[in-house]
Structure formats: structure tokens, C-alpha cells
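Got a structure here, written out as C-alpha cells. Questions coming.
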Amino acid sequence: MKAKDVLLWPENVVADTLELDDPNDNILLDDQLAASIARSERPPLLRIWQHSAPDGLVVSRRDVATQAGQWAREQLAVEGCPVFVRSTGGTAVPHGRGMLNLSLLFPRVAHPGATTDAYYRLLCQPLLDWLNELGGRGEIGDLPGSYCDGHYNVLLGGRKLVGTAQTWKGGLAGISTHKPGYIVAHACISVYIEVPRAIANINRFYELSHQSFRALPETAVSLHEVWETVHSQEREEVMAVAKRSLLESCQQFILKMNEAKQSGVQL
């Protein structure tokens with residue numbers, strides 16, 4: 001993270017675990033919460049949340065914008081792999097109870113430093129801090145052949161652990177407008193998934209939708225494979241520990257950012 005990114009940190013940020021049982025509603029809750037934040041109805045939020053059942057995929061609207069994409073979605077559902085749609089960009093990622101998410105939900109502001117790169121850095125830094133607390137060393141970067149590849153993947157041991165995506169909506173927050181603006185920056189963390197199966201489902205979707213992209217299973221990792229303290233535990237136990245520890249790490253990150261902004265200290 002760059003020192004100047006602190007200037008984009010809004011006041012009164014909170015971290016919370018907010019989830020809905022319905023998988024579609026759970027995914028779309030990011031935009032609903034962010035819209036209320038833009039209207040100053042609730043404080044800016046770091047949302048830590050787990051996907052609802054069942055296992056499947058989450059794709060962007062662009063992925064299902066074509067007839068072939070819609071058919072691929074329908075066919076995968078018949079094959080037992082439901083496909084959900086998110087508002088942020090990117091390509092397909094795994095969906096299911098083994099996925100943990102971190103969503104940065106902030107109002108849009110008029111600031112020269114307000115860029116997608118800056119908000120990706122603000123999203124990724126608490127994840128790097130969290131992995132460090134767990135005994136791992138995360139890195140940021142692209143990884144050719146990985147699912148939903150981008151410059152702000154979080155890698156662990158050279159393999160992709162976290163995919164990120166972002167969307168900006170509306171105008172500036174606090175200005176009289178029909179739709180005050182907000183930013184959703186989203187990280188999807190593979191905590192407890194079967195990587196080969198997830199990659200096979202992703203590749204099946206792109207095969208059916210007549211797209212050339214194929215992900216390589218050797219580029220991805222699930223945290224439970226390398227997190228020694230939870231290696232023998234069941235999925236829901238691992239997810240509970242991961243969720244709780246990420247929430248605590250985000251709360252510490254909020255305190256650090258607040259102090260840095262108030263004191264003018266460069267991180």
C-alpha cells in the first residue's frame with residue numbers, strides 16, 4: 001500500500017460480518033449496503049462474509065451477456081453447478097461455503113488519488129496483514145493461467161489464493177443527486193475448496209460459452225491446504241476460525257488507518 005492511499009480512508013469505517021441465506025441476495029447485498037453508505041445512511045464498511053450454499057461459480061455480468069453465456073449458465077445448473085452473477089467485473093470464481101469474502105464498501109469522493117489501483121491497495125493490505133498473522137507471506141501480482149487473473153491477485157507461495165474485482169457506481173457521495181456514488185472492491189478468498197473441481201467447473205463454463213480462456217489448476221491454492229493449525233479440521237470449523245480472525249485483523253487495520261490519517265503518519 002502507498003502512503004498517499006491513507007488520504008482516501010473515510011471516517012467511521014467499521015468491520016462486520018453481514019450475510020444472507022439466499023445465495024443471490026447474499027452476493028447482491030454488497031451493492032445494497034454500498035448504496036446506503038453513499039446516502040450517508042450507514043458508515044463505510046469492510047464486510048467479511050461467507051458464501052451461502054450451494055457450491056458453484058460466480059461470474060460477472062459480461063460473462064453472461066451473450067446467448068452462449070446464458071446457455072452455459074443454464075447447462076451448468078443442469079449439471080449440478082449453479083452459476084451466480086455479481087456486479088463487479090473480472091471472470092469466473094468459485095462459489096460455496098468454502099469461500100470467504102472481503103468487501104470494501106466506500107462512498108465515492110472527489111480526490112486526485114481516488115483510482116482503482118488505490119482502492120485495490122486498500123482492499124489487499126488487510127488481507128496481507130491477515131495472512132502474515134496466520135504465518136503466511138502473501139504477495140500481490142498477476143499470475144498467467146489463474147482464474148480471474150489481474151494485477152491485484154493475492155498469491156500465497158506463488159499460487160493464487162484471492163481474486164479481486166471492483167466497480168464504481170453513481171456520482172459523488174454527499175452531493176445532491178438521484179444516485180450518490182459508491183465503490184465496491186471485492187476479494188474472494190479460497191479458504192476450503194477442492195481446487196481441481198473448482199477449476200474444472202470454471203473451464204467447463206468457458207467451454208460451453210465458446211470462450212477460449214482456460215484456467216490451470218496448478219496456479220491456485222486453498223488456504224486449508226497450507227494452514228497447518230487447521231489442517232485436520234472440518235470445513236465449517238475452518239471457515240469459522242478464518243472469518244473470526246479476518247474480522248479481528250480488519251478491525252486492527254481500521255485502527256491503524258484511523259491513527260495514520262489523524263496523525264499524518266505515512267504507513
Side-chain angles (χ1 to χ4, degrees), residues 19-32 47 49-103 142-154 159-167 169 184-225 234-236 238-239:
E19 298 173 356
L20 298 175
D21 291 335
D22 181 87
N24 277 309
D25 292 344
N26 200 28
I27 292 168
L28 298 177
L29 184 59
D30 270 352
D31 282 277
Q32 295 171 14
R47 179 192 175 206
W49 55 288
Q50 189 176 354
H51 281 155
S52 303
D55 291 351
L57 298 178
V58 187
V59 301
S60 68
R61 290 172 178 167
R62 182 181 60 183
D63 277 326
V64 292
T66 65
Q67 204 169 30
Q70 286 289 348
W71 186 83
R73 183 185 187 187
E74 294 169 3
Q75 181 60 29
L76 272 181
V78 171
E79 296 176 7
C81 178
V83 178
F84 305 97
V85 181
R86 64 179 184 267
S87 67
T88 52
T91 53
V93 299
H95 177 278
R97 295 297 292 167
M99 301 298 295
L100 190 61
N101 301 273
L102 173 62
S103 299
D142 53 8
L143 182 62
S146 64
Y147 67 88
C148 198
D149 190 26
H151 296 313
Y152 290 93
N153 298 319
V154 178
R159 293 186 289 171
K160 179 166 183 166
L161 178 71
V162 182
T164 58
Q166 188 172 158
T167 188
K169 298 287 182 66
V184 174
H186 173 233
C188 195
I189 311 159
S190 299
V191 175
Y192 203 117
I193 67 167
E194 297 178 34
V195 170
R197 179 186 175 192
I199 299 300
N201 286 335
I202 289 171
N203 289 341
R204 177 67 170 155
F205 173 82
Y206 289 114
E207 176 190 3
L208 291 171
S209 58
H210 304 153
Q211 298 186 52
S212 61
F213 172 76
R214 299 292 184 271
L216 302 175
E218 60 267 27
T219 62
V221 65
S222 179
L223 184 60
H224 82 285
E225 299 173 12
E234 297 297 323
R235 183 171 74 171
E236 286 305 319
V238 175
M239 294 305 298

| request: Answer whether the closest heavy-atom distance between the side chains of Phe205 and Val64 falls below 4.5 Å. | output: yes
| remark: Rounding to 0.5 Å, atoms NE2 (His224) and OH (Tyr192) come to a distance of 4.5 Å
| query | Do Ser52 and Glu19 have side chains that get closer than 4.5 Å, going by heavy atoms? | reply | no
| task | Side-chain contact test, heavy atoms from C-beta onward, threshold under 4.5 Å: evaluate it for Asn153 versus Cys148 and give yes or no. | result | no
| message | What's the separation between atom CG in Leu223 and atom CE in Met99, rounded to the nearest 0.5 Å? | response | 11.0 Å
| SB check Asp31 Lys169 (cutoff 4.0 Å) | yes
| request: Kindly state each residue pair satisfying salt bridge (Lys or Arg N to Asp or Glu O under 4.0 Å) with at least one member in residues 205-222, sequence neighbours excluded. | output: Arg204-Glu207
| query | Looking just at side-chain N and O atoms, do Asp63 and Tyr206 make a donor-acceptor pair shorter than 3.5 Å? | reply | yes
| request: May I have the step-by-step check of side-chain contact (heavy atoms from CB on, under 4.5 Å) for Leu102 and Arg47, ending in yes or no? | output: CA-CA 6 Å; Leu102 173 62; Arg47 179 192 175 206; over 6 Å; no
| note | Here the ring-ring contact (aromatic ring centres under 6.0 Å, His included) pairs for residues 71-92, sequence neighbours left out, are Phe84-His95
| Are Lys160 and Thr219 side-chain neighbours, meaning at least one heavy-atom pair lies under 4.5 Å? | no
| Gln166 side chain near His186 side chain, heavy-atom distance below 4.5 Å | no
| Within the side chain of Ser209, is there an N or O that forms a donor-acceptor pair under 3.5 Å with the backbone of Ala72? | no
| Expected output: side-chain Asp149 to main-chain Asp142 donor-acceptor under 3.5 Å | no
| said: Under a plain distance cut-off of 3.5 Å, with no hydrogens placed, do Ser60 and Arg62 share a side-chain donor-acceptor pair? | reply: no
| Just wondering, do Asn201 and Arg197 contact through their side chains at under 4.5 Å, heavy atoms? | yes
| said: We want to know whether Glu74 and Gln70 form a side-chain donor-acceptor pair, criterion being a heavy-atom distance below 3.5 angstrom. | reply: no
| field | Sub-4.5 Å side-chain heavy-atom contact between Met239 and Arg97 | value | no
